[in-house]
2 protein chains.
Amino acid sequence: MKKEKISMDLKNSNLKVTPQRMAVLEALDSLKNHPTADKIKEYVIKNHPNVAVGTIYKTLETFFEKGLVKKVKTEKDVMRYDAILKKHHHLYCEDTEQIEDFFDDKLTKMLEEYFKKREIPNFQVKDLKLQIIGTFINKKSLNK
Amino acid sequence: MKKEKISMDLKNSNLKVTPQRMAVLEALDSLKNHPTADKIKEYVIKNHPNVAVGTIYKTLETFFEKGLVKKVKTEKDVMRYDAILKKHHHLYCEDTEQIEDFFDDKLTKMLEEYFKKREIPNFQVKDLKLQIIGTFINKKSLNK
DNA sequence: CTATTAAATAGGAATAATTCCTAATTAGGA
DNA sequence: TCCTAATTAGGAATTATTCCTATTTAATAG
Ligand SMILES: [Mn+2]
Ligand SMILES: [Mn+2]
Ligand SMILES: [Zn+2]
Ligand SMILES: [Zn+2]
């Protein structure tokens with residue numbers, strides 16, 4: 001069962017296991033597409049109607065510090081979170097808010113190799129993420 | 001003189017040439033490091049003390065629509081702008097807010113080639129930007 | 001030049017996202 | 001079971017941004 005794993009994640013990060021934190025982790029686990037705090041709040045409140053909004057924000061920030069979630073860089077005034085810790089890149093839709101995961105080990109490796117050789121003066125590279133910007137072509141909307 | 005070029009930029013975009021717009025373009029031109037709207041406001045107000053804040057935001061959004069500025073993706077709740085239209089990537093400092101430009105045509109070309117071959121189902125790639133995440137090593141702070 | 005008018009702006013209120021504050025609760029160890 | 005530091009609820013406050021509308025203005029035509 002999943003709850004065991006979740007509470008392990010918390011213990012491993014030296015965080016007390018609380019219902020609020022479990023609820024946020026559950027939300028992160030089931031919400032796809034890089035949810036906002038607001039989406040996470042909605043999900044959490046379905047099962048735990050009296051979790052405070054501030055708690056959700058604080059929890060997300062705590063998780064971020066511990067590396068249990070990542071923040072997804074966007075050009076919008078609203079934060080989005082990513083529970084997928086495996087290295088990956090992102091497809092950004094120019095027309096909608098949609099952000100999709102893009103896994104490509106070959107690409108990741110290519111980039112890493114490139115920066116192994118190519119030193120950047122005064123900068124130590126720790127991570128490389130590609131923003132793949134464009135538009136989704138959902139077959140249906142192709143009939144203009 | 002520079003003003004000529006700036007007002008040309010505006011005319012070419014079918015935008016009326018106003019002092020406010022000139023001022024924002026001047027600010028963008030001289031502020032480095034991907035300024036926030038707030039930094040731009042400060043700069044503008046030095047020379048034109050009664051430009052309204054809303055005007056600056058609206059102007060920036062207009063410029064964005066016309067492609068005169070770009071928005072820089074960050075994981076902060078504050079927008080940052082980029083007046084450099086030439087294709088480039090960004091160095092993000094993990095510890096500070098610093099974002100530096102990274103020009104590397106070889107890298108850019110490598111990425112473009114890669115995605116020329118590698119089709120992504122249901123997605124049309126229009127732009128590729130690399131987030132190079134790490135820390136700046138300013139020689140001075142190396143003496144711990 | 002002057003008149004016309006659609007577009008742009010000032011100034012301030014409103015909204016949205018996030019953070020802060022503090023008294024009450026609670027998880028986890030002794 | 002008790003203790004205590006950590007966490008939370010609830011709401012106020014803050015920050016960044018957007019919206020509103022009366023007034024001003026840039027551009028164009030006469
Ligand atoms: Mn905000
Ligand atoms: Mn905001
Ligand atoms: Zn992702
Ligand atoms: Zn840049």
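In what follows, chains are A, B, ... by sequence order, proteins preceding strands, each numbered from 1. All figures in this text were calculated on a predicted structure; none of them were measured in a lab.
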Rounded distance (Å) that lies between atom C1' of C/dA16 and atom NZ of A/Lys41 = 11 Å
inquiry  = Quick check for you: among C/dA10, C/dT9, C/dG28, whose closest atom lies nearest to any side-chain atom of B/Lys58?
reply    = C/dT9
task = May I ask you to say what B/Val53 touches in the nucleic acid, namely base, sugar-phosphate or nothing, with a heavy-atom cut-off under 4.0 Å?
result = nothing
note = Of A/Thr59 and B/Pro19, the one whose nearest nucleotide on DNA chain D sits closer to the 5' end is A/Thr59
message = Using a heavy-atom cut-off of 4.0 Å across all strands, would you classify A/Asp38 as base, sugar-phosphate, or nothing?
response = nothing
key: Candidate pair A/Lys87 and A/Asp127, rule salt bridge (Lys or Arg N to Asp or Glu O under 4.0 Å), full reasoning   = CA-CA 9 Å; A/Lys87 237 179 229 281; A/Asp127 199 7; 3.1 Å; yes
inquiry  = Reading DNA chain D in the 5' to 3' direction, which nucleotide is the first one with an atom under 4.0 Å from a heavy atom of chain B, and which is the last?
reply    = D/dA16 to D/dA27
query = Just wondering, more than 12 heavy atoms not from B/Met8 lying within 6.0 Å of its CE?
reply = no
inquiry  = Nearest heavy atom decides the nucleotide; on that basis, is B/Lys16 or B/Ile56 closer to the 5' end of DNA chain C?
reply    = B/Lys16
inquiry  = Need to verify one output field. Residue with the more 5' nearest nucleotide on DNA chain D, B/Thr36 or B/Lys11?
reply    = B/Thr36
message = Side-chain heavy atoms nearer than 4.5 Å, only ILVMFWY residues, links allowed to pass through others: does that put B/Val125 and A/Tyr92 together?
response = no
key: C/dT9 OP1/OP2 closer than 4.0 Å to side-chain N/O of B/Thr18   = yes
note = Rounded to whole Å, the CD-P distance (B/Gln20 to C/dG11) equals 11 Å
key: Gap between atoms CG and P, on B/Leu15 and C/dA8 respectively (whole Å)   = 7 Å
note = note: B/Asn14, atom CG; C/dA8, atom C1'; distance rounded to Å ~ 15 Å
message = For the backbone of B/Ser13 and the side chain of B/Lys66, can you confirm whether one donor and one acceptor N or O come within less than 3.5 Å of each other?
response = yes
message = Measuring from the side chain of A/Tyr57 (C-beta onward, heavy atoms only), which nucleotide among C/dT18, C/dT9, C/dG11 has the closest atom?
response = C/dT18
remark   = Only one of A/Arg80, A/Lys73, A/Lys71 passes salt bridge (charged side-chain N to carboxylate O under 4.0 Å, His left out) with B/Glu75, and that residue is A/Lys73
request  = Can you label the angle between the A/Phe102 ring and the A/His89 ring as parallel, tilted or perpendicular, going by 30° and 60°?
outcome  = tilted
task = Take B/Leu10 and B/Lys16, measure what side-chain contact (heavy atoms from CB on, under 4.5 Å) needs, and give me the verdict at the end.
result = CA-CA 7 Å; B/Leu10 290 173; B/Lys16 285 189 182 175; over 6 Å; no
